[in-house]
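Comments concern the structure below.
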Amino acid sequence: MNNYFSIQDIDALPIWVEEAIAIKKNPLSHKTLGKDKTIGLLFFNPSLRTRLSTQKAALNLGMNVMVMNFTGEGWSLEYEDGTIMDQGNSEHVKEAAQVVSQYCDVLAIRAFAKLEDRDDDYSEKVLHGFINHASIPVINMESATRHPLQALTDAITISEYKKTDKPKVVLSWAPHPKALPQAVANSFVEMMQRMDADFVITHPVGFELASQITKQVPIDYNQENALKDADFVYVKNWSSYQDYGKVIDNDPFWKITSEKMKLTNDAKFMHCLPVRRNVVVDDAVLDSKNSIVIEQANNRTYAAQLVLKKILEKS
Ligand code: CP
């Protein structure tokens, strides 16, 4: 594996999940694999889990870690070819990616959607710019349209907690005061299509994700109906894909409550975090024994460690 851009870079999901669980049981089992290797983490957006879990994963493999908050500290980058750079951007990704490739052995990048121009976001110009011009492997730590480290984490977590071979998994939209990208939802939808799951998406009309991602996955516009007999309830807000980047509806009805969780098959509650309490989900659900969000976040380390291990073994 050269890059980890999306979950399409996972060649054999069940084996990957098994390997991640083995790493979790013995996180220092490959503690010299990354000796004398350096990973550079470039952040164009904030993070808690991705930043610390990826650092932890690299440290468990014996790597050196360099972190740079690009926004505010790095030069503003240009991504278009042939631009006359007489405006705001100071450096082209062509030079930036090649220079960073001299300092690091692996590069990981977080660059969210701007939610201004759908074609621009879905072209993934930041991640593709670095992938195209770097000479080292690149890992996606959440790009404009994908969050594959989160999706791998979610597959690991569901595999650990599932009680049946084919659990019912519901992805529910929930209210949020800000317009959020579709990346987490997109990667989760892609992952559920690869797992053996009875998978349903529920959201208000107008929040349909890109059809090239959802494909044949059933959409139920009635949240309570969708939640019936669920084994896992995965909650996430995203802004509209059709009316791109807009919060076209913020109906508090869609918040996850204890009453709604009673409709499920004693479902586990999942969220990638950070989560806005009592907006997305009630305290009573988040603090209940069925909430597995903290263990889900714990698994971020082992997902990142597995991806790094595969990259290091190939290099
Ligand atoms: N879930 C997730 O990516 O968390 P952070 O934004 O804190 O990294």
Side-chain angles (χ1 to χ4, degrees), residues 4-7 9-10 20 24 39-60 65-73 106-115 121 124 126-127 138-158 160-161 169 171-174 176-192 209 232-239 256 268-277 279-281 286 291-308:
Y4 186 65
F5 171 70
S6 76
I7 71 154
D9 294 309
I10 299 173
K24 183 174 181 177
I39 184 169
L41 311 183
L42 305 187
F43 284 88
F44 292 83
N45 306 97
S47 169
L48 189 158
R49 279 143 291 272
T50 305
R51 177 169 172 160
L52 295 183
S53 65
T54 309
Q55 281 196 53
K56 177 73 176 169
L59 294 171
N60 283 348
V65 183
M66 298 197 295
V67 184
M68 182 169 180
N69 293 319
F70 227 86
T71 307
E73 293 179 20
V106 181
L107 183 58
I109 297 171
R110 165 164 282 202
F112 288 173
K114 289 200 162 51
L115 298 178
D121 284 342
E124 292 281 12
V126 179
L127 260 288
V138 176
I139 297 173
N140 182 346
M141 295 195 297
E142 187 172 343
S143 64
T145 70
R146 299 292 193 283
H147 196 353
L149 286 174
Q150 183 66 55
L152 178 56
T153 299
D154 300 335
I156 296 164
T157 309
I158 289 173
E160 285 182 321
Y161 281 90
V169 180
L171 170 63
S172 179
W173 182 93
H176 196 282
K178 290 173 71 177
L180 298 186
Q182 292 125 22
V184 170
N186 284 345
S187 285
F188 187 72
V189 169
E190 290 178 323
M191 182 56 88
M192 287 308 104
L209 293 162
F232 293 90
V233 177
Y234 194 103
V235 179
K236 184 72 185 84
N237 171 273
W238 60 86
S239 58
I256 298 293
K268 299 297 182 197
F269 175 85
M270 298 179 73
H271 191 286
C272 65
L273 304 182
V275 67
R276 295 207 180 212
R277 282 176 171 260
V279 175
V280 171
V281 54
L286 204 50
S291 170
I292 55 173
V293 297
I294 303 302
E295 194 53 30
Q296 189 182 352
N298 184 32
N299 283 337
R300 289 295 307 270
T301 298
Y302 311 111
Q305 196 167 327
L306 176 65
V307 168
L308 272 175

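Reckoned from all heavy atoms, side chains included, excluding hydrogens, waters and symmetry mates. Note that ligands are numbered from 1 as they come in the structure, with each ligand's atoms numbered from 1 the same way.
- Taking distance alone, with nitrogen or oxygen atoms compared against 3.5 Å, Leu48 approaches ligand 1 more closely than that limit.
- Residues Arg276 and Lys178 meet the side-chain proximity criterion, which asks for heavy atoms closer than 4.5 Å.
- The distance from ligand 1 to the heavy atoms of Arg300 drops below 4.0 Å at these ligand atoms: 1 (N), 2 (C), 3 (O).
- In this structure, the protein non-hydrogen atom closest to atom 4 (O) of ligand 1 is Arg49 NE, 3.0 Å.
- Looking only at atom types and distance, the side chain of Glu190 has no donor-acceptor partner in the side chain of Asn186 under 3.5 Å away.
- Closest heavy-atom contact between Val184 and Lys236: CB-CE, 3.6 Å.
- Close N/O approach between Gln150 and ligand 1 is found [any backbone or side-chain N/O within under 3.5 Å].
- Only backbone heavy atoms of Leu273 (N, CA, C or O) come within less than 4.0 Å of ligand 1; its side chain stays farther off.
- Residue Trp238 comes nearest to Ala185 through the heavy atom pair CE3-CB, 3.6 Å, listed as atom of the first residue, atom of the second, then distance.
- Counting atoms of ligand 1 from 1 in the listed order, those under 4.0 Å from a heavy atom of His147 are 2 (C), 3 (O).
- At a 3.5 angstrom cut-off on N or O pairs, Arg51 does not count as close to ligand 1.
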Evaluation steps, side-chain hydrogen bond (donor to acceptor under 3.5 Å, both in side chains), between Gln296 and Asn299: CA-CA 5 Å; Gln296 189 182 352; Asn299 283 337; over 6 Å; no

Between Tyr234 and Phe188, does a ring pair (Phe, Tyr, Trp, His ring centres under 6.0 Å) hold up when you go through it step by step? CA-CA 9 Å; Tyr234 194 103; Phe188 187 72; 3.9 Å; yes

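- In terms of protein heavy-atom proximity, atom 6 (O) of ligand 1 is nearest to Arg110 NH1, 2.8 Å.
- No side-chain donor from either of Gln150 and Ser187 sits under 3.5 Å from a side-chain acceptor of the other.
- Listed by number with element, the atoms of ligand 1 under 4.0 Å from a non-hydrogen atom of Cys272 are 1 (N).
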